[in-house]
Amino acid sequence: MITVYGRRNSSSVQLVMWAIHELGLEHERLDYGHGHAATNTDAYLSMNPMGRVPALVDGPVSLFESAAILRYLAAQYGDEDFWPSNPERRAELDKWAEWGKNTFTEAVLDIFVYDVRLDPQTRDPAVLHDAAQKVSGLARLLEDRIGTGPFLSSDTLTFADIACGHILYRYFNLDWPRPELPNLKSYYERLKKRSAFSEHVMVSYEDLRGSY
Ligand SMILES: N[C@@H](CCC(=O)N[C@@H](CS)C(=O)NCC(=O)O)C(=O)O
């Protein structure tokens, strides 16, 4: 049985939970992190020495870092479509998975911090301007890569869609001047139709408002 430690309004936890549900894995999720059980205990730090969420335990396997967890789940439980065994085919997707989880997600989270986590009194509009410029440029890359899709692999959803797509709920719901990108919008609409996405990624972040 897989155990996930982490609150459902964390984007890193959402990435893991989306993957678990796409793969149909038996699991439990326990609420840890901001506003929930503490992550600075010895027991928790033995699973994730960063004291962050998520952590995952699957029998003898104990992991932290959501992208590493995603790749583990994909390699252990995914089929050939979700996690291609051919190194070239997988690497073509993995470069976008890496970019999605690091470059793109981190940039979107700068807008998240501005729009949601900061007290409105402390916001500097110049910060939003710079973050919006950056995210817009990155989103245009994803727009071109997706094209008419339907997914990054072109026909079926893979681990790379989860790494890139898990942050799109925030991308499309935060208050910022989004560029018009029709391919990205259609891709998001396709993801929204998946029950694993709507249940585990489209999660309210209102509890995090003003929490910096
Ligand atoms: N790179 C890490 C980031 C982990 C991280 O920063 N998690 C945030 C939530 S997204 C966290 O633990 N926040 C503090 C808390 O919830 O106590 C990963 O992808 O797992």
Side-chain angles (χ1 to χ4, degrees), residues 2-23 25 27-58 61-78 83 93-119 131 134-135 138 142 158-174 176 196-197 199-212:
I2 292 172
T3 303
V4 179
Y5 298 80
R7 54 187 168 85
R8 62 188 249 103
N9 59 4
S10 143
S11 63
S12 305
V13 173
Q14 290 165 7
L15 178 154
V16 169
M17 295 305 295
W18 181 12
I20 283 178
H21 278 253
E22 290 289 352
L23 294 168
L25 306 177
H27 67 282
E28 62 176 349
R29 186 189 57 77
L30 305 176
D31 273 327
Y32 274 75
H34 186 84
H36 300 279
T39 55
N40 61 355
T41 62
D42 288 347
Y44 190 85
L45 291 170
S46 72
M47 296 186 292
N48 185 340
M50 295 295 291
R52 313 289 287 182
V53 293
L56 174 140
V57 175
D58 182 16
V61 178
S62 177
L63 296 171
F64 62 98
E65 283 299 336
S66 59
I69 293 171
L70 171 65
R71 289 182 175 92
Y72 163 73
L73 294 171
Q76 182 78 290
Y77 302 110
W83 177 256
L93 294 166
D94 205 8
K95 70 184 178 192
W96 284 99
E98 189 68 17
W99 175 91
K101 177 59 175 83
N102 287 312
T103 309
F104 187 53
T105 294
E106 289 305 317
V108 174
L109 289 178
D110 285 345
I111 297 180
F112 180 72
V113 167
Y114 181 93
D115 186 40
V116 176
R117 299 205 69 169
L118 285 180
D119 177 341
K134 185 173 179 186
V135 174
L138 295 171
L142 194 51
T158 70
F159 73 102
D161 293 292
I162 293 180
C164 286
H166 78 284
I167 205 63
L168 289 180
Y169 174 65
R170 291 182 182 188
Y171 175 97
F172 279 104
N173 286 280
L174 292 168
W176 67 288
F197 185 87
E199 190 180 337
H200 296 287
V201 181
M202 300 175 75
V203 174
S204 169
Y205 42 72
E206 287 307 309
D207 285 353
L208 299 171
R209 209 163 271 288
S211 60
Y212 250 27

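In what follows, residues are counted from 1 in the order of the sequence shown. No hydrogens, no waters, no symmetry mates; every other heavy atom, side chains included, goes into these values. Order of appearance sets the numbers: ligands from 1, and atoms from 1 within every ligand.
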Query raised in the report: Sub-3.5 Å donor-acceptor pair from the side chain of H166 to the main-chain atoms of A163, do we have one?
Result: yes

Query raised in the report: Within the distance-only criterion (no hydrogens, no angle test), does the side chain of R29 pair as donor or acceptor with the backbone N or O of G6 below 3.5 angstrom?
Result: yes

Taking only heavy atoms of [X] into account, list the atoms of ligand 1 that are under 4.0 Å away from them.
{"X": "P54", "answer": "20 (O)"}
{"X": "S66", "answer": "18 (C), 19 (O), 20 (O)"}
{"X": "G33", "answer": "15 (C), 16 (O), 17 (O)"}

**Report entry** Carboxylate-amine/guanidinium contact E206 R209, below 4.0 Å
**Finding:** yes

Counting only nitrogen or oxygen atoms and a 3.5 angstrom limit, does [X] reach ligand 1?
{"X": "R7", "value": "yes"}
{"X": "V53", "value": "yes"}
{"X": "S11", "value": "no"}
{"X": "S10", "value": "no"}

**Report entry** For atom 17 (O) of ligand 1, the protein heavy atom that lies nearest, with its residue and separation
**Finding:** H34 N, 2.9 Å

Query raised in the report: Which residue supplies the protein heavy atom nearest to atom 3 (C) of ligand 1, what is that atom called, and how far is it?
Result: S12 OG, 3.9 Å

Quick one: side chains of residues 43-57, donor-acceptor pairs under 3.5 Å with protein atoms, not counting sequence neighbours, listed by atom name and distance.
from, atom 1, to, atom 2, distance (Å)
Y44, OH, R52, O, 2.7
S46, OG, A43, O, 2.7
N48, OD1, M50, N, 2.9
N48, ND2, R52, O, 2.7
N48, ND2, P54, O, 3.3

Requested in this report: For atom 11 (C) of ligand 1, state which one of K101, E65, R52 supplies the nearest heavy atom.
Outcome: R52

Requested in this report: Quick one: closest heavy-atom pair of A97 and F159, and the distance?
Outcome: CB-CE1, 3.8 Å

Tabulate below the donor-acceptor pairs under 3.5 Å that side-chain atoms of residues 106-115 make, not counting sequence neighbours, or state none.
from, atom 1, to, atom 2, distance (Å)
D115, OD2, D175, N, 3.0

Query raised in the report: Do the ring planes of W99 and F104 sit parallel (below 30°), tilted (30 to 60°) or perpendicular (above 60°)?
Result: parallel

